[in-house]
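Read the structure below first, then the notes.
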Amino acid sequence: MAIEFRLTLAGDIPLDQVAELAAPEATEKPTPPGHPRLLSADLYEQCGYAVSITEGSHGYYDAEDDDGARWEWEPDTYVNIGFRMPSPTTWATRESRTCSRPWPVSSTAGPRTPHWCRTATGCC
């Protein structure tokens, strides 16, 4: 089973600026008339995940906690950044990756490597 998650940023944020930070390799994909713009980047080979970035308006999000309390949020405008990583078993069967972007380096701990990256030099 793949791992998917979404980050929603409220406000009138330019889609291209978000893409520049989240996935500089993102390109615009065609969408049906009347649908929001879609930018996406397939970074599976380089980093182990794919990113999709869309803009929207008049959003509605809700959730319920374990005690039954509800949470609702209705941003006027927003940008969604969706991340998708293949299942750990799928990733484990692939060869080691070499990534184009360095993973952050801590001055005390040295390079950090995410659990899904199989290179010693770091990863996206």
Side-chain angles (χ1 to χ4, degrees):
M1 185 163 101
I3 299 168
E4 297 182 3
F5 58 96
R6 177 182 63 213
L7 171 65
T8 301
L9 305 171
D12 193 15
I13 306 166
L15 195 64
D16 296 315
Q17 286 182 355
V18 174
E20 192 175 305
L21 293 171
E25 301 85 354
T27 57
E28 190 154 359
K29 303 298 180 195
T31 58
H35 285 76
R37 289 179 62 205
L38 167 65
L39 301 175
S40 71
D42 180 345
L43 303 173
Y44 284 120
E45 291 303 314
Q46 300 97 326
C47 302
Y49 60 88
V51 178
S52 63
I53 305 164
T54 58
E55 58 191 356
S57 59
H58 308 294
Y60 177 80
Y61 300 91
D62 70 335
E64 185 175 317
D65 69 15
D66 293 338
D67 297 326
R70 294 185 55 85
W71 171 84
E72 293 180 351
W73 183 41
E74 299 181 44
D76 290 331
T77 58
Y78 59 91
V79 172
N80 280 329
I81 307 169
F83 298 88
R84 185 177 199 285
M85 293 183 283
S87 70
T89 55
T90 302
W91 184 254
T93 61
R94 295 181 178 192
E95 296 177 15
S96 296
R97 306 290 186 244
T98 54
C99 298
S100 59
R101 290 185 291 190
W103 189 253
V105 175
S106 164
S107 59
T108 57
R112 294 180 292 158
T113 304
H115 70 278
W116 44 261
C117 182
R118 301 174 70 195
T119 66
T121 59
C123 207
C124 302

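Quick note: numbers below take in every heavy atom, side chains included, and nothing from hydrogens, waters or symmetry partners.
To the nearest 0.5 Å, the span separating CE on Met85 from CG on Leu43 amounts to 12.0 Å. Here the CD1 atom belonging to Ile3 is positioned 13.5 Å from the CZ atom belonging to Phe83, to the nearest 0.5 angstrom.
Ser52 has its side chain within reach of Leu38: a pair of non-hydrogen atoms, C-beta onward, lies under 4.5 Å apart.
Side-chain contact of Lys29 with Thr27: a donor-acceptor pair under 3.5 Å is present, judged by distance alone.
Contacts classified as salt bridge (charged side-chain N to carboxylate O under 4.0 Å, His left out) and involving residues 9-20 (residues at least two apart or in different chains) are given here: Asp16-Arg37. Every pair tested for ring pair (Phe, Tyr, Trp, His ring centres under 6.0 Å) that includes a residue from residues 19-42 fails, sequence neighbours excluded, so the list is empty. Residues in residues 76-87 take part in these salt bridge (charged side-chain N to carboxylate O under 4.0 Å, His left out) pairs, two or more places apart or across chains: Glu4-Arg84.
Remark: Asp66 pairs with no residue by the salt bridge (charged side-chain N to carboxylate O under 4.0 Å, His left out) rule, at least two apart or across chains. Scanning for ring pair (Phe, Tyr, Trp, His ring centres under 6.0 Å) contacts around Tyr61 gives Trp73, Tyr78, with sequence neighbours left out. Residues passing the ring pair (Phe, Tyr, Trp, His ring centres under 6.0 Å) test with Tyr60: none are found, sequence neighbours excluded.
Looking at every heavy atom in both residues, Glu28 comes nearest to Leu39 through CA-CD2, 3.3 Å. Nearest heavy atom pair, residue Ala50 against residue Asp42, reads CB-CA, 4.4 Å. Counting all heavy atoms, side chain and backbone alike, Ala19 lies closest to Ile53 at CA-CD1, 3.5 Å. Closest of all the heavy-atom pairs between Ala41 and Ala23 is CB-CB, 4.0 Å.
Side chain of Thr77 to main chain of Gly11: a donor-acceptor pair is present (N/O by atom type, distance under 3.5 Å, no hydrogens or angles). A donor-acceptor pair is defined here as one N or O able to donate and one able to accept, closer than 3.5 Å; such a pair exists between the side chain of Asp65 and the backbone of Asp67.
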